[in-house]
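Contents: one structure, followed by commentary.
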Amino acid sequence: MTGQQQHIVVIGAGYAGLAAATRIGRRHRVTLVAPESRFLNRVRQHETAAGLAEHRPELAEVLRGRQVTHRQARVTELDLAGRKVFLDSGEALGYDTLVYALGSRTALHGIPGAAEHAYPAERAAELAERMRTAAQPGTVAVVGGGPTGIELAAELAEAHPAWQVRIVAAGQVGGWLSDKGRAHVRKVFGRLGVQVHDQAAVTAVTAAGLRTDQGTIDADLVAWAASMEPRELAAEAGLTVTADGRAVVDGHLRSVSHPEVYVIGDAAQVVVEGVGELRMSCATAQPMGIYLGGLLTGKTDKPFGYGYVVHCLSLGRKDGLVQLVRKDDSMKPSALTGTAARLVKSLIVTGVVWQLR
C-alpha cells in the first residue's frame with residue numbers, strides 16, 4: 001500500500017477525515033469530498049450559539065502543502081464493488097482506497113416537533129440570530145444533559161443574562177461525572193441562574209416549548225443537544241454496521257466486510273482492548289484520523305490503540321471543569337475547576353485545530 005502512490009478518497013472533513021487527509025496527503029494523492037469550505041469545529045458550537053466569534057479555518061488553508069484536492073460536494077451513493085463515489089454534481093470518483101469519515105449528526109430520536117421547532121448544534125448560528133433579534137428576552141430550553149447540553153446552557157446563560165435558560169434531561173444532568181464534577185456544574189448553573197430539570201424525558205416539542213413525561217416546560221426557543229447518530233450512507237452502501245448504523249471495523253479500522261474501506265470517527269464502532277467500545281466524540285475521532293494517516297503512509301502497522309485521560313467542559317468564559325478519568329473512561333474522584341480548568345479546556349480546543357494542520 002505504501003510502496004506505490006495510491007489515489008485515496010476521503011469523504012468527510014470533520015476531526016477524523018481532515019486529520020487523516022492531511023497526513024495521507026504527504027505520500028499519496030488524496031481527494032477530500034466535503035460540501036463545506038470551512039472546518040466545522042463542533043466542540044465550539046456552543047460559542048457560536050451564544051453569538052461569539054466562530055473559529056472555523058478554511059479547508060484550503062489546513063490542506064496547504066499536501067497532495068489533497070478538495071471537492072466541494074456531497075456524496076450521494078457509494079459503489080463499493082466498482083470502487084466509485086458518486087457526488088451530487090452527477091460525477092463519479094474512482095479510488096484505490098476509501099476512507100469513510102462522514103461522522104455523525106444530532107439525533108432527534110423521532111420526537112414530534114423537534115425537526116420543526118428545535119435548533120440542533122448544526123444550526124447554532126441560527127439560534128444565535130434568533131436570540132439576538134428577539135423583541136425582548138424570553139426563555140430558552142436546552143434539551144440534553146450531556147457535555148454539549150451543559151456547555152450550551154452555561155454559555156447561553158452567561159452571554160444572555162436577561163434570558164431564562166433551562167436545561168432538560170431524561171436522566172440526571174451531568175450524571176456520568178464524579179460527585180465533585182457534578183456538584184461544580186450545579187454550582188455554576190446556580191450562579192448563572194440556569195434552571196435544571198432532571199428526569200424529564202421530552203415527548204414533544206411545540207412552538208410553546210416542551211412536553212415531557214413530567215409535564216410541560218414553557219420555552220420561547222428550544223436548543224437540541226441530545227445524543228449523536230451516524231449517517232445512513234454506510235448501511236445503504238452495504239458495509240456491515242451495528243444496530244445503530246455505525247460501521248464495524250477491525251483493529252486497523254478497516255471495514256470487516258470491505259477491507260479496502262477504512263472507517264474512522266463517529267461513523268465507526270471501534271472496540272479497543274482494555275478500554276471497550278469508544279464513544280462518539282472529537283476526543284476519539286481525531287486520534288483515529290492521525291493513526292490512519294500513519295498507517296497508510298507506512299509509519300505504523302500496529303492496531304489502533306486508545307485510552308481516555310480527561311473530560312473537559314467549558315462553563316462560560318471564566319469557568320470550566322476538567323474531570324479526570326481512567327483509561328476505560330470511568331470517573332476518578334478528582335476534578336479541576338474554575339479558571340484553571342477553563343484555560344486547560346481552551347488550550348485543548350485550540351490544539352485540536354493545530355493538530356489538523
Side-chain angles (χ1 to χ4, degrees), residues 8-21 30-36 40 42 71 73-112 114-115 120-122 144 146 148 224 226-272 276-282 284-289 291-292 295-296 303-304 306:
I8 298 174
V9 172
V10 178
I11 57 174
Y15 298 105
L18 199 52
V30 177
T31 299
L32 175 66
V33 182
E36 59 273 8
L40 177 59
R42 183 184 281 174
R71 296 296 298 272
R74 196 176 302 276
V75 177
T76 58
E77 184 182 350
L78 299 177
D79 177 4
L80 300 180
R83 298 199 181 194
K84 291 181 180 179
V85 174
F86 293 91
L87 311 182
D88 55 4
S89 63
E91 300 170 90
L93 299 176
Y95 61 81
D96 296 306
T97 298
L98 176 66
V99 177
Y100 184 105
L102 282 185
S104 61
R105 63 190 173 205
T106 304
L108 300 179
H109 300 296
I111 301 297
E122 294 85 349
T148 303
W224 197 268
S227 58
M228 310 302 292
E229 64 181 7
R231 301 181 185 276
E232 301 90 346
L233 189 60
E236 293 172 351
L239 293 175
T240 296
V241 299
T242 61
D244 67 355
R246 287 182 295 163
V248 182
V249 298
D250 66 12
H252 290 84
L253 307 183
R254 294 174 299 204
S255 164
V256 296
S257 58
H258 296 77
E260 75 282 1
V261 178
Y262 292 85
V263 189
I264 54 177
D266 289 356
Q269 182 206 44
V270 178
V271 179
V272 175
E277 184 176 313
L278 302 187
R279 56 182 165 84
M280 296 182 181
S281 69
C282 162
T284 58
Q286 192 161 354
M288 290 184 213
Y291 162 81
L292 188 61
L295 182 71
L296 296 186
F304 176 68
Y306 185 82

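- Listed by chain and number, the residues in a salt bridge (Lys or Arg N to Asp or Glu O under 4.0 Å) with R71 are E91 (sequence neighbours excluded).
- Residues M228 and T106 approach most closely at CE-N, 3.4 Å, considering heavy atoms.
- The only member of V270, L253, T284 that meets side chain to side chain contact (heavy atoms under 4.5 Å, CB included) when paired with I264 is L253.
- Of all the heavy atoms in G265 and A285, the pair that sits closest is CA-CB, 3.8 Å.
- The one candidate from L292, L239, V241, L102 that meets the side chain to side chain contact (heavy atoms under 4.5 Å, CB included) condition with V263 is L239.
- In this structure, Y95 and K84 approach most closely via the heavy-atom pair CE2-N, 3.4 Å.
- Applying the side chain to side chain donor-acceptor pair (under 3.5 Å) rule to pairs touching residues 248-258 yields T240-S257, D250-R254, S255-S257, sequence neighbours excluded.
- A distance-only check finds no donor-acceptor pair linking the side chain of W224 to the backbone of G144 [under 3.5 Å].
- Side chains of V85 and I11 form a contact here, defined as non-hydrogen atoms less than 4.5 Å apart.
- Under the salt bridge (Lys or Arg N to Asp or Glu O under 4.0 Å) criterion, E122 pairs with no residue, sequence neighbours left out.
- Considering all non-hydrogen atoms of both residues, A13 and A34 come closest at CB-CB, 3.6 Å.
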Can you check salt bridge (charged side-chain N to carboxylate O under 4.0 Å, His left out) on E236 and R231, steps first, answer last? CA-CA 10 Å; E236 293 172 351; R231 301 181 185 276; over 6 Å; no
For side-chain contact (heavy atoms from CB on, under 4.5 Å), just list the numbers for I8 and D96, CA-CA rounded to whole Å, side-chain angles, deciding distance to a tenth of an Å, and then say yes or no. CA-CA 6 Å; I8 298 174; D96 296 306; 5.7 Å; no
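- Distance CG/L278 to CG/D266: 10.5 Å, rounded to 0.5 Å.
- In this view, E277 and R246 satisfy the salt bridge (Lys or Arg N to Asp or Glu O under 4.0 Å) rule, not counting sequence neighbours.
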Can you check side-chain contact (heavy atoms from CB on, under 4.5 Å) on Y262 and L296, steps first, answer last? CA-CA 10 Å; Y262 292 85; L296 296 186; 3.8 Å; yes
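- Residues S104 and R42 have side chains that bring a donor and an acceptor to within less than 3.5 angstrom of each other.
- In this structure, Y100 has no side-chain hydrogen bond (donor to acceptor under 3.5 Å, both in side chains) partners at least two apart in sequence or on a different chain.
- Listed here is the closest heavy atom pair of P230 and G245: CG-C, 3.6 Å.
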side-chain contact (heavy atoms from CB on, under 4.5 Å) between L32 and L18, worked out: CA-CA 8 Å; L32 175 66; L18 199 52; 3.8 Å; yes
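- Between Y306 and P287, the closest heavy-atom pair is CE1-CG, 3.8 Å.
- Within the 4.5 Å cutoff, side-chain heavy atoms of H109 are placed close to those of S227.
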Could you pull out all donor-acceptor pairs under 3.5 Å where a side-chain atom in residues 74-81 meets a protein atom, sequence neighbours excluded?
from : atom 1 : to  : atom 2 : distance (Å)
T76  : OG1    : F86 : O      : 3.3
D79  : OD1    : A81 : N      : 3.4
D79  : OD1    : G82 : N      : 2.9

